[in-house]
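Given the structure is predicted, the values throughout are model-derived calculations rather than measurements. Each chain gets a letter, A, B and so on, in the order its sequence line appears, and its residues count up from 1.
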Amino acid sequence: MLDRKFIIENPDLVQQNCRQRNISVDIAGLVALEHQRRAKLTEVQELNRQANEVSKTIGKAKDAQEREARKEEGRRLRDQKDAAQSEHDSLEATIVELQASIPNMTHPDAPVGADDGANREIRRGRAALPVFDFAPLDHVALCEKLDLLDLEGGARTTGHGFYFLRNEAVLLELALQRYALQVLLPEGFTPTITPDMARDAIVAGTGYSPRGPETQIYSIENSELSMIATAEITLGGLLAGQTLDAQQLPIKLCGISHCYRTEAGAHGRATRGIYRVHQFTKVEMFVFTLPDHSDAMLEHLCELECRIFDGLGIPYRVVDTATGDLGGPAYRKYDLEAWMPGRGDGGEFGEVTSTSNCTDYQARRLNARFKRAGEKGTHFVHTLNGTAVAISRALIAILENYQQADGSVVIPEVLRPWVGKDRIEPRTN
RNA sequence: GGAUGGGUGGCCGAGUGGUCUAAGGCGGCGGUCUUGAAAACCGCUGUGGGCGAAAGUCCACCGGGGGUUCGAAUCCCUCCCCAUCCGCCA
């Protein structure tokens, strides 16, 4: 959520930002409503003040008759106040709804454009695109040969979009988690395993809608809990409502969780295999910083993501996400797209990680603040999140890039200590 | 899941319908005194918001939400959390 004062004071900037981000919001209308609301608030406060004054005189009233007269006056004032208050509250509700639909402001260097076609490639990974002297398979075919994945079983027990991992796929999942931690722990991240469910209020505070037709989130019936779509939700929620000392920042967490996504509205873009699934495991970085430090921290998170994929030896490109393609909370976002030889016709890049600087947009809704010693008042922290490893997609990239002519898949060197072998051989039985 | 007791400012803790404008203490900040420090003494002390050029002033906030009342930290409902005991359980 943007700061309301900022919106009121900079309506043109905000309106222009909305246009660039493909969001239609009537900022002038919001400003007019806010002025009405403030006038109403002043009225409420004045009535409240008068009513409080009357109440104080009742205890000191001389006799029963005066007491009754004062009570009557108090009742009258409170009724007036309640009426004004409910007018105020409905204005407030309208404004909040509008305000929540306004996306974050945008980094001046982010490419301007309507959709992902305007995303700007800013970097390539160290590994070159693989050259195969045979026709490379996609991960579904590879998994079948190597007995790594049971999509039918997933569909039977749970539904389309769920899967069983088997054999070396399981070892790879665990190895990827350990590898990600190995890279992140020396960087000062606190390893964390978070709940896979969160209160709806926390889900909403992080910027996701827990319920409703458009939701990406599974919710638990007869409860106020939802399955998390990313550990960003629980890690961000961890400091909801807290006020930190400035010296405690930055707080760098890396959280391991399962992620559950309904993928509502994505059925038209259904993809083969485990590229788009309802459940996967992810190691997520989440950082709370001082406002001055969030730009540099975003670069750092991006650099860590690159380090992880360079270490895996997977070719990738980094794109600076265009204004029209940014999610609401992001001020700037870098996506890391890995080369997936089995995707599309002769290989395509597919998104494997994403890192965003949400500035104070998420913190405002979460009410996560910091305080500088000796200074009056508090400020909102900045929050950033970034994928260290989303297992299902990393798995696709590894299997497809490391496949060999004989149908085997070589294990990336950095994972071998945890997988315990160099290569996944086709099953012969 | 059941029973009981709790949740009050940065912290401890008093407060069962109206001088609560939340006692008292600790901590912190400023001052007096001192060569310096300590002690002692004096003053200050949270968050959000409205109006105002400012000084200031007003409103809200005692775990969250709702209710009763002219008036709620205090009474009622509900939810959350903590502690202890019991049951169940990997």
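Straight-line distance from the CZ atom of A:Arg49 to the P atom of B:U21: 15 Å, rounded to whole Å. Between the CG atom of A:Asp82 and the C1' atom of B:U69 there is a distance of 12 Å, given to the nearest Å. Between A:Glu53 atom CD and B:C59 atom P there is a gap of 8 Å when expressed in whole angstrom units.
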N/O donor to acceptor pairs below 3.5 angstrom from side-chain atoms of residues 385-393 of chain A, sequence neighbours left out:
residue: A:Asn385; atom: ND2; partner: A:Glu232; partner atom: OE2; Å: 3.4
residue: A:Thr387; atom: OG1; partner: A:Ser354; partner atom: N; Å: 3.3
residue: A:Thr387; atom: OG1; partner: A:Ser354; partner atom: O; Å: 3.4
residue: A:Arg393; atom: NE; partner: A:Tyr275; partner atom: O; Å: 2.8
residue: A:Arg393; atom: NH1; partner: A:Tyr275; partner atom: OH; Å: 3.4
residue: A:Arg393; atom: NH1; partner: A:Glu351; partner atom: O; Å: 3.1
residue: A:Arg393; atom: NH2; partner: A:Tyr275; partner atom: O; Å: 3.0

Let me have the donor-acceptor pairs involving side chains of residues 180-191 of chain A, under 3.5 Å, with sequence neighbours excluded, atom names and distances please.
residue: A:Glu187; atom: OE2; partner: A:Arg307; partner atom: NH1; Å: 2.9

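Comparing the P positions of B:G43 and B:A60 gives an interatomic distance of 29 Å, to the nearest angstrom. Using atom P as the reference point in both B:C20 and B:G15, the two lie 15 Å apart (nearest Å). The separation of B:G9 from B:G64, taken at their P atoms, amounts to 10 Å, rounded to a whole angstrom. Annotation: B:G56 and B:G66 have their P atoms spaced 34 Å apart (nearest Å). B:C80 and B:U69 have their P atoms separated by 28 Å, with the value rounded to a whole Å.
Near RNA chain B, defined here as any heavy-atom distance below 4.0 Å, there are no residues from residues 225-246 of chain A.
If you check the side chains of A:Asn119 and A:Thr321, you find no donor sitting under 3.5 Å from an acceptor. For the residue pair A:Arg369 / A:Asn367, a side-chain donor-acceptor distance below 3.5 Å is found, with atom types taken as modelled.
As the counterpart of B:C41, B:G31 is assigned, both hydrogen-bonding distances of the Watson-Crick or G-U wobble pattern falling under 3.5 Å.
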Write out a two-atom table: protein N or O, nucleotide N or O from nucleotides 48-51 of chain B, distance below 3.5 Å.
residue: B:G48; atom: OP1; partner: A:Thr378; partner atom: N; Å: 3.4
residue: B:G48; atom: OP1; partner: A:Thr378; partner atom: OG1; Å: 2.7
residue: B:G49; atom: N2; partner: A:Gln45; partner atom: NE2; Å: 3.3
residue: B:G50; atom: O2'; partner: A:Thr42; partner atom: OG1; Å: 3.0

Distances for protein N/O vs nucleotides 71-76 of chain B N/O pairs under 3.5 angstrom?
residue: B:G71; atom: O4'; partner: A:Ser55; partner atom: OG; Å: 3.2

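Note on A:Lys81: nothing from the nucleic acid sits closer than 4.0 angstrom, heavy atoms only.
Using a 4.0 Å cut-off, some side-chain N or O of A:Asn48 falls inside it from OP1 or OP2 of B:A60. Applying the 4.0 Å criterion to OP1 and OP2 of B:U21, one finds that A:Lys56 has every side-chain N and O outside that range.
Pairs of residues two or more places apart, or lying in two chains, never qualify as side chain to side chain donor-acceptor pair (under 3.5 Å) while including a residue from residues 235-246 of chain A.
Using cut-offs of 30° and 60° on the angle between ring planes, the pair A:Phe162 and A:His278 is tilted.
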